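Shown next, in structure tokens, is the structure this report addresses.
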Amino acid sequence: MLRKARHIFESADTSLSPTTGPSGAANRLSHSLSVASRSSELDQEFATSPSTTTLECLFRSYSCRFEPYYPNFSAGVLDPMELINSDNKNASCLLLLLILAAGASATPTMEAGYLTNGLTESCRILLTDLTDNDISLWKNPTILRAALLSMNLAAWSGEKWHMDVSKSQSDLYLTMLRRSGLFAYRKNALPEFCGMLGTEVEWKKWKQHESMNRLVYSWVIADQELSLFHDQAPNLAITELTAALPDKDVLWQASSANSWSLALARVHDGTDLSQTRTPPSLYDLFKRLMSRDLLNESRDLTKLQLRLLLHPLQSLVCHLYQCLSCFAGDASSSHAQRLFVQIREVQSILQDWYALCCKRMRSVEEVCPILLSNLVMYHLVCLNTMTHFPDIEALARGEVSQEQFLSTSWARTNSVGSASRIWFHLGQIVRLVRMMPESNRPLWFPAVIYRVALILWMVSTCNNATQSPESAKSLTPFSDSMFAIDNMHPEHTSIQRYLQYSEGTPMLSTRKGVLVSLAVPSDTIMYACEVMKEEDFNTRLAVCIKNRLSHLAQRVKAASA
């Protein structure tokens, strides 16, 4: 299989940028795969290789959907031939096969689905064979990159077998990463080369050092994503994350030694480069966030650093809610009250994070997919400080009664949050999802809408059950002060007045301008389904989620009839 892959890639002499790629790439890929499928029907005895056009579309799809979030290739350039000619050809071909699978994963055709699932399973077996037969490969960066891509594809495939396997494989892969020694803090030793070797050698040395740091923290990002959507604490502890953080993106994106050297001088303002070349670790950066020192620093954090800071914050939230579970049904106890104080402190730190993110956004003129995904993750972590999603799922499945839920989980929610704040975060998530270009959409976005749907339904159900004066006032339908909470910037006057003074009536809205009331539980679920339809969510995972939400909406309607 690896020899055949090598033959395939020898015809693909293309270098691609993750931020480029025509909007019609997915359509061309769909057409190319369909043609390949019809060709294979003419001759069942021979497996036809994808055409050069198909390969190019797959590479571009990978570059847009994966490379911005898990950077592997400096300057945004993916050269298949350079990978093929590396020292470990088996590992390189394995990574290229997974890149093909990743490129096809977001293409809504049967042929693309077959290609993705087949390559994902084949590569998982090949990866296991390689690492079992040679333990030294556990330290190989190409193997670790392949493992990261394999785990991501399986986790968001929508296939139960792959999703279940990804949970167990992630523990093994993280063990590989820990034993690789990449978590250790390594200072960049480039200054000792000054005056002895040329800029070209320095640049190559820096890229090698930087790629290791970006590999480590790509795993940290994946660990946070998987733990959040599986409602578990992250596997990696903040005390482990002592590797140097990735440097400025302008250095990583440099296409030549000269441009890198000029960018390096700009980044460090002409100061002594030997003192400023190595960034701090995430462990050190998080300590500065907790002590509020980051708010007073003049330099902006990078987009990747902002995202990584959410990892330990999520760990804090998970730990506190695990402690709160010991006092279920006793939210008024002194122990629970102390935990609520700590949760409010985490909420305050999250507000500091948001202030740092806003500071970074002011320097970005265009819509940035990385910042959008950062903000989506931020709102999800904020929601986790006020809600416990496993309890919501248990309520939706009928495993707990409404009365039991109101006395436990909903009581905790009212102690550290409110319906208005939850609606605010949910509305912002939908707004950000709509802003994300389809070609840059992460594979986990359908799972975001699933959480939005269930939390909307839960709050609507609990509000109707408790009939609090605040909720009755804020949800009076068809009043003159209605506003679309999912279609406004967080600084909009209507949202600010609602959050501060409970003025106005929040509503949900479709792209066609139809307003949906937050007071009808079944309507909130159907609204989420409509969002997925409007935004063209059509991966295998998205289809499964839409079916599940449709069944839930039918059950809710039948129960209320």
Side-chain angles (χ1 to χ4, degrees), residues 26 29-30 33 58 61-62 64-66 68-70 98-121 123-124 148-170 221-232 369 372-373 376-377 380 389-390 392-393 396-397 429-430 432-434 436-455 525-553:
L29 174 57
S30 175
L33 289 171
L58 290 171
S61 178
Y62 163 82
C64 293
R65 209 172 289 271
F66 285 85
Y69 312 108
Y70 317 104
L98 286 165
I99 288 174
L100 278 178
S105 61
T107 305
T109 65
M110 185 179 300
E111 294 82 10
Y114 290 154
L115 179 63
T116 300
N117 292 333
L119 287 178
T120 299
E121 180 62 14
C123 291
R124 183 189 67 81
L148 175 64
L149 196 49
S150 174
M151 183 187 68
N152 260 313
L153 288 171
W156 311 113
S157 65
E159 299 289 340
K160 188 178 187 304
W161 161 251
H162 286 157
M163 297 175 76
D164 289 343
V165 168
S166 71
K167 294 181 183 180
S168 58
Q169 292 292 101
S170 63
I221 289 174
D223 180 43
Q224 187 209 1
E225 291 169 354
L226 291 174
S227 62
L228 188 146
F229 290 104
H230 289 154
D231 296 292
Q232 299 172 348
L372 290 178
S373 67
V376 169
M377 194 61 66
L380 289 173
F389 197 71
I392 299 174
E393 286 191 305
R397 290 192 296 264
I429 289 174
V430 174
L432 294 165
V433 167
R434 286 170 170 163
M436 176 70 77
E438 192 279 333
S439 60
N440 297 115
R441 190 182 293 156
L443 292 183
W444 45 266
F445 258 37
V448 172
I449 301 300
Y450 174 70
R451 295 178 83 89
V452 167
L454 261 64
I455 297 175
I525 302 173
M526 295 310 299
Y527 159 80
C529 293
E530 183 64 21
V531 170
M532 298 186 77
K533 180 181 178 181
E534 290 176 338
E535 303 308 314
D536 200 21
F537 281 86
N538 47 29
T539 62
R540 171 66 178 166
L541 177 62
V543 171
C544 294
I545 287 175
K546 282 188 284 189
N547 291 338
R548 180 175 295 188
L549 291 178
S550 297
H551 291 321
L552 176 61

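Computed from a predicted model, the values in this text were never measured in an experiment.
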Backbone of Arg441 reached by a side-chain donor or acceptor of Arg65 within 3.5 Å: yes

Electrostatic pair Glu393:Arg451 at N-O distance under 4.0 angstrom: no

Does any part of the side chain of Val433, heavy atoms only, come nearer than 4.5 Å to the side chain of Leu372, both counted from C-beta? no

Donor-acceptor contact present, side-chain Ser168 to main-chain Val165, <3.5 Å: yes

Can you tell me if Lys533 uses its side chain to pair, donor with acceptor, with the backbone of Lys546 under 3.5 Å? no

Going through the checks in order, is the side-chain contact (heavy atoms from CB on, under 4.5 Å) test met by Glu159 and Thr120? CA-CA 11 Å; Glu159 299 289 340; Thr120 299; over 6 Å; no

Using the test ring-ring contact (aromatic ring centres under 6.0 Å, His included), find all partners of Phe229 that sit at least two apart in sequence or belong to another chain. Trp156, Trp444

Residues that Phe66 engages under ring-ring contact (aromatic ring centres under 6.0 Å, His included), provided they are two or more places apart: Tyr62

Going through the distances and angles, do Asn152 and Leu443 end up as a side-chain contact (heavy atoms from CB on, under 4.5 Å)? CA-CA 8 Å; Asn152 260 313; Leu443 292 183; 5.9 Å; no

Side chain proximity check, Val430 to Arg434, heavy atoms < 4.5 angstrom: yes

Could you tell me which residues satisfy salt bridge (Lys or Arg N to Asp or Glu O under 4.0 Å) with Glu530, sequence neighbours excluded, listed by chain and number? none

Report the relative orientation of the aromatic rings in Tyr450 and Phe389; use parallel for angles under 30°, tilted for 30 to 60°, perpendicular for over 60°. perpendicular

When rounded to the nearest 0.5 angstrom, what distance separates CD1 in Ile449 from CD1 in Ile429? 8.0 Å

Kindly compute the distance separating CG (Leu119) from CD1 (Ile99), expressed to the nearest 0.5 Å. 12.0 Å

Counting distance only, does the side-chain N/O of Ser105 pair as donor-acceptor with the main-chain N or O of Ala102 below 3.5 Å? yes

When you measure from the side chain of Ser166 to the backbone of Met163, do you find a donor-acceptor pair of N or O atoms at a distance under 3.5 Å? yes

Any side-chain heavy atom of Lys160 sitting closer than 4.5 Å to one from Cys544? no

With a 4.5 Å cut-off on side-chain heavy atoms, are Thr107 and Thr116 touching? no

Going by heavy atoms in the side chains, are Arg540 and Asn117 under 4.5 Å from each other? no

